[in-house]
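Below, chains carry the letters A, B, ... as their sequence lines are ordered, and counting in each starts from 1. These numbers come from the heavy atoms of this one structure, side chains and all, not from hydrogens, waters or symmetry mates.
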Number of protein chains: 2
Amino acid sequence: MNRIAASERRERLVDAAIAVMVRDGVSAATTRAIVAEADMPLGSFHYCFRSKEELLGEVIAVITGHTLERALSEVAGGGALEERLCRAMRAYWQHVVDEPGEHRLTYELTQYAARQPGLAVVAERQYETYLAANTRLIEALTGDDGERLEWSVPVPVLARYVTAALDGVTLLYLNEGNATAAGEALELVARHVAELAGRA
Amino acid sequence: MNRIAASERRERLVDAAIAVMVRDGVSAATTRAIVAEADMPLGSFHYCFRSKEELLGEVIAVITGHTLERALSEVAGGGALEERLCRAMRAYWQHVVDEPGEHRLTYELTQYAARQPGLAVVAERQYETYLAANTRLIEALTGDDGERLEWSVPVPVLARYVTAALDGVTLLYLNEGNATAAGEALELVARHVAELAGRA
DNA sequence: GACTGTCTTGGACATTCGACCAAGTCGATT
DNA sequence: AATCGACTTGGTCGAATGTCCAAGACAGTC
């Protein structure tokens, strides 16, 4: 294989690892499967990463980053609160239906990391990040609106409700496989959240 | 070891497997770890089970059975709809806080089974079972009440909403570790469900 | 007491895994 | 052209894992 900077090779290995995990699950992502996916010799792996755990950490960081990017980019735009809420929800849901494997991987990684002593910290931080993102989403939902709005429940509680509901509905879809049914449950959540926003 | 019927030994191995999985995760439940937990020689394993997959199938069946038992036993009893709903929710939540490892295992097993070709069918049936249980719970909630009640959303949608919300809140607690915060989100769900029950 | 079917068990097997290394290759700098 | 640091790679190691087997032990039956 041509000479490549170690940093570039690291990125390729992370991408390859994600591809393998989406296709065959976290447990199938052995060092050998990953280098095969990246079309590299096995020796490359431990030249670029001190250990498999180090690679896993980077994979989690990349995946979390992707998810975060998408979430925050969807809140922007004008319109009433209900409209923006619906748009954000719909965007999230569309991505779940388009890329179920990626979402399945997210849950798998969280679980895997929680069991691995060296990655437990990463797992916790991952969830904190999601919670913070949903909190920002909720605040953006009221803050940008022309009229002054107030939530009838504390924002931290609402953030956790939204986080849990999204996770739950996603998990339901991934396991049941019925996009329509899960989508209707999600709409119920959206309507509920909209109702919780009262005029101040 | 004394002579024991193969069927009895099977049960002990299933229990041992669950104990190991709750403590150290599904991936740590090797045949050797399981027989060590059950205090048996390794040879016993494949005398009782054709393969590890066969044991896993039995483990899933047992766990699902436990969960189901608990859920249905809590719906009974008198009182208004709100009261019974609260009681059922509280009972579920108490069990999550008391035995987080058991619930974590449930999610791990579902995921593991979904990836294993031979167990994929079992995973699907597992989720169907949970959905059916929640459907029965919702129907029991209205059916037994003195006054005639009707839900303002279709029961199948409501069942999925409840299933997703419970799963989501549980997952949130398992990952964030904050029982109070997750509990408040769950109360929000309970109040919402109660609101969705309108007088017919 | 011989027989038969059920149960017991220590050891062995092939495979897979993460990790490691030594020898080699390349390219820029001096 | 000599040097040196960065990169490449095929092979190998020890550990762990699922599965299997052969030889024995035991209990009930004829």
Just list the side-chain donor-acceptor pairs under 3.5 Å for residues 155-168 of chain A, sequence neighbours left out, or say none.
residue : atom : partner : partner atom : Å
R160(A) : NE   : E176(B) : OE1          : 3.1
R160(A) : NE   : E176(B) : OE2          : 3.3
R160(A) : NH1  : P156(A) : O            : 3.2
R160(A) : NH2  : E176(B) : OE2          : 2.6
Y161(A) : OH   : H192(A) : ND1          : 2.8
Y161(A) : OH   : Y161(B) : OH           : 2.5
T163(A) : OG1  : N134(A) : ND2          : 2.7
T163(A) : OG1  : A159(A) : O            : 2.7
D167(A) : OD1  : Y107(A) : OH           : 3.1
D167(A) : OD2  : Y127(A) : OH           : 2.4

Atom pair distance, as rounded to whole Å: [atom1] in [X] and [atom2] in [N]:
X	N	atom1	atom2	value
N2(B)	dT9(C)	CG	C1'	14 Å
R10(A)	dA6(D)	CZ	P	15 Å
L13(A)	dC7(D)	CG	C1'	14 Å
R32(B)	dG10(C)	CZ	C1'	12 Å
E8(B)	dT8(C)	CD	P	10 Å

Distance below 4.0 Å between T31(B) side-chain N/O and dT17(D) OP1 or OP2: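 Checking T31(B) against dT17(D): no side-chain N or O falls below 4.0 Å of OP1 or OP2.
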
S27(B) and Y112(A): side chain donor to acceptor below 3.5 Å: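 No pair is found: no donor N or O on one side chain lies under 3.5 Å from an acceptor on the other.
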
Examine distances only and state if a side-chain atom of [X] and a backbone atom of [Y] form a donor-acceptor pair shorter than 3.5 Å.
X	Y	value
R32(A)	L42(A)	no
T110(A)	A123(A)	no
R84(B)	L141(B)	yes

Sugar-phosphate, base or nothing in reach of R9(B), heavy atoms under 4.0 Å: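 It contacts sugar-phosphate atoms only.
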
Positions of residues 39-63 of chain A (non-hydrogen atom under 4.0 Å from DNA chain D), listed by number: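 Under 4.0 Å from DNA chain D: P41(A), G43(A), S44(A), Y47(A).
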
Which nucleotide in dA19(C), dG18(D), dA6(D) has an atom nearest any side-chain atom of R3(A):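 Taking heavy atoms from C-beta onward, the closest nucleotide is dA6(D).
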
Ion pair R191(A)/E195(A), N-O distance below 4.0 Å: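 E195(A) and R191(A): not salt-bridged.
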
